[in-house]
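Structure first, commentary second.
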Amino acid sequence: MNTPVIGVLALQGDVREHLIALAAADAVARPVRRPEEIAEVDGLVIPGGESTTISKLAVLFGVMEPLRARVRDGMPVYGTCAGMIMLADKILDPRSGQETFGGIDMIVRRNAFGRQNESFEAAVDVRGVEGDPVEGVFIRAPWVESVGAEAEVLAEHGGHIVAVRQGNALATSFHPELTGDHRVHGLFVDMVRANRTPESL
Ligand code: GLN
């Protein structure tokens, strides 16, 4: 059966919600935090949370380099909010020492939509997601200032880019894992399925 195994990077953030959303989208989902565990999954979600903390813990757990290498090799990855920041090749206002895994040629501005109490929800039309707009939950969300030629803009809100795909890497400023609507996770699971080699089926 072609059921992909998808890890959720479990260093910090809303790991549980992603595990539930991935399972609902027909993937086998498991938390991962060690290099050996990351080597075993077909794809990886980087959750929302706090990108500065995820960055620090990734170095501490020895997954910064292995993960960068897997992303470079084309492992499908999906980052929400802090996870989007972690997939940006460049952040505009990093904390000192803050690093990213990279993977998407984009410049991301952290906390661009304002502070915690300015969090909001909005209907977002996402390219590749059929039907009604997605309910976008924005919590101290970043936006994308600009993308390179290889990156495809999948959604905008208020004139700002909030969803991007480049090859096997997908990123959203908002949190579909918090809504009970699993269509964006479904899109990612399809990307992972499409990437699996016949011998791994
Ligand atoms: N502002 C957070 C950061 O910089 C992201 C917030 C979130 O993931 N909800 O990492």
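Atoms within a ligand are numbered from 1 in the order they appear, just like the ligands themselves. This structure is a prediction, so every number in the text was calculated from the model and none was measured.
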Problem set entry | Top protein contact for atom 4 (O) of ligand 1, by heavy-atom distance | Arg110 NE, 2.9 Å

Problem set entry | Pair His175 + Phe138: ring centers closer than 6.0 Å | no

Problem set entry | Carboxylate-amine/guanidinium proximity below 4.0 Å for Arg140 and Glu118 | no

For this session: Would you kindly specify which portion of Thr80 sits under 4.0 Å from ligand 1, judged on non-hydrogen atoms: side chain, backbone, both or neither?
Result: neither

Problem set entry | Protein residue, atom and distance nearest to atom 1 (N) of ligand 1, heavy-atom basis | Asn111 OD1, 2.5 Å

For this session: Decide whether an N or O pair under 3.5 Å exists between Ala82 and ligand 1.
Result: yes

Problem set entry | Closest heavy-atom pair and its distance - Ser55, Met64 | O-CE, 3.7 Å

Exercise. Taking only heavy atoms of Gly48, which atoms of ligand 1 are found under 4.0 Å from at least one of them?
Worked result: 8 (O)

For this session: Salt-bridge test for Glu50 and Lys56: reply yes if a basic N is under 4.0 Å from a carboxylate O, no otherwise.
Result: no

Problem set entry | Side-chain donor-acceptor pair present, Ser173, His160, cut-off under 3.5 Å | no

For this session: Can you sort out which atoms of ligand 1 are near Ile85, meaning under 4.0 Å from one of its heavy atoms?
Result: 3 (C), 4 (O), 10 (O)

Exercise. Is Glu37 paired with Arg30 through a side-chain N to carboxylate O contact shorter than 4.0 Å?
Worked result: no

Exercise. Got the closest protein heavy atom to atom 7 (C) of ligand 1, with its distance?
Worked result: Cys81 SG, 2.7 Å

For this session: May I ask you to list the atoms of ligand 1 that are less than 4.0 angstrom from any heavy atom of Glu50?
Result: 2 (C), 3 (C), 4 (O), 10 (O)

Seminar exercise, completed: Within 4.0 Å of some non-hydrogen atom of Ile139, the atoms of ligand 1 are 6 (C), 7 (C), 9 (N)

Exercise. With the threshold set at 4.0 Å, does a side-chain nitrogen-carboxylate oxygen contact exist between Asp73 and Arg70?
Worked result: no

Seminar exercise, completed: Of Gly79, Pro47, Gly49, Ser51, the residue with the heavy atom nearest atom 5 (C) of ligand 1 is Gly49

Exercise. Are Arg165 and Glu152 ion-paired here, with the side-chain N under 4.0 Å from a carboxylate O?
Worked result: no

Exercise. Between His175 and ligand 1, does any nitrogen or oxygen pair lie at a separation below 3.5 Å?
Worked result: yes

